[in-house]
Protein chains: 2
Amino acid sequence: MDYKIKSRIWIEADGNILLGEGRVSLLKAIAETGSLSKAAKKLGMSYKKAWALIDAINTRAAKPAIVTNIGGKGGGGATLTPYGATLIEVFEKINKNCWRFLDKQIKKSELE
Amino acid sequence: MDYKIKSRIWIEADGNILLGEGRVSLLKAIAETGSLSKAAKKLGMSYKKAWALIDAINTRAAKPAIVTNIGGKGGGGATLTPYGATLIEVFEKINKNCWRFLDKQIKKSELE
DNA sequence: TAGCGTTATATCCTATCAAATATAACGCTT
DNA sequence: AAGCGTTATATTTGATAGGATATAACGCTA
């Protein structure tokens, strides 16, 4: 039998979810498109959900990860802050390290 | 800000979930009670869900983890196999190791 | 000042998952 | 042979999360 081990990690602040894989994807899509609505469409996600996620991230993080603007050039938009970029970087690094670690663990276990 | 990192791991066989935290809890409850229905009640889970989980585990694992009996002494029952005990042991060990690993990682990251 | 594309927000609607319920089948016990 | 408590299974019901839709507010642009 060929067993594989999978994982999901997330960061919590005060017992509330701050950042997981889905939220990181959203942050990256916003960084690429400069817009919350375009990022949502790109990911096949409703605007409502995307907005709720960003709101949760911003209210729970030590500093905002996304800055939004209503009106103005192009109608407005959303941009990733340097702090948001740091969050992405840290999350993805730890996530990859976790995968490697677990692969070693399952091999060491010698399950049949 | 006090960030914590959380994780869930699970084992897959042929792309299907074989074992996760909830299923391990169920296996342990069956080992303690000797009965699928009692284990379900103990965990506040419906019998239907418990049965479906055990069925999924048994059909996907290399060998059965639980043996069930209809009728007979006490009406029947369910018992954990030695292979099932091994699965629990391996899962819980890797899970604990994963927690320790991630704690180190988040401290090393020095997120603020 | 009118128009635009965006964020922000409320309301309604629907699809999906799980709980609840009912019932059959089974084999030891007495 | 009747009874018991269990596994196994189908069907109905209910709750909840998310999608769809509509609309207001906003500030630059032209």
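Each chain gets a letter, A, B and so on, in the order the sequences are listed, and its residues count up from 1. Heavy atoms only: backbone and side chains are in, while hydrogens, waters and symmetry mates are out.
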Among [options], which nucleotide has an atom closest to any side-chain atom of [X]?
X: B:S46; options: D:dT6, C:dA19, C:dT7; value: C:dA19
X: B:I70; options: C:dT29, D:dT6, D:dT9; value: D:dT6
X: A:Y47; options: C:dT6, D:dT7, C:dT9; value: C:dT9

Exercise. Return yes if some donor-acceptor pair links the side-chain N/O of A:N58 with the main-chain N/O of A:I66 below 3.5 Å, else return no.
Key: yes
Looking at [N], I'd like to know if its phosphate oxygens (OP1 or OP2) sit under 4.0 Å from a side-chain N or O belonging to [X].
X: A:S35; N: C:dG5; value: no
X: A:S37; N: C:dG5; value: no
X: A:W51; N: C:dA8; value: yes
X: B:K38; N: D:dT6; value: yes
X: A:T68; N: C:dA8; value: yes

Quiz item: Contact class for A:N69 (heavy atom, under 4.0 Å): base, sugar-phosphate, or nothing?
Solution: sugar-phosphate
Quiz item: Have A:S35 and A:S37 got a donor and an acceptor in their side chains that come within less than 3.5 Å?
Solution: yes
Quiz item: In Å, rounded to the nearest 0.5 Å, how long is the span from CG of B:D2 to CG of B:L111?
Solution: 11.5 Å
Quiz prompt | Given DNA chain C, 5'-ward residue of the pair A:K48 and A:G72, judged by closest heavy atom | solution = A:G72
Quiz item: Starting at the 5' end of DNA chain C and moving along, which residue's nearest nucleotide shows up first, B:G74 or A:G76?
Solution: A:G76
Taking [atom1] from [X] and [atom2] from [N], how many angstroms apart are they, rounded to a whole number?
X: A:L36; N: D:dA25; atom1: CG; atom2: P; result: 20 Å
X: A:K41; N: C:dT7; atom1: NZ; atom2: P; result: 11 Å
X: B:I66; N: D:dA8; atom1: CD1; atom2: P; result: 11 Å
X: B:I54; N: D:dT6; atom1: CD1; atom2: C1'; result: 15 Å

Exercise. Could you tell me which non-hydrogen atom of A:I30 sits nearest to which non-hydrogen atom of A:T79, and how far apart they are?
Key: CG2-N, 4.5 Å
Quiz item: Out of B:V90, B:L53, B:L87, which residue meets the side-chain contact (heavy atoms from CB on, under 4.5 Å) rule with B:L19?
Solution: B:L87
Quiz item: So, does the side chain of A:K49 form a donor-acceptor pair with the base of D:dG18 at under 3.5 Å?
Solution: no
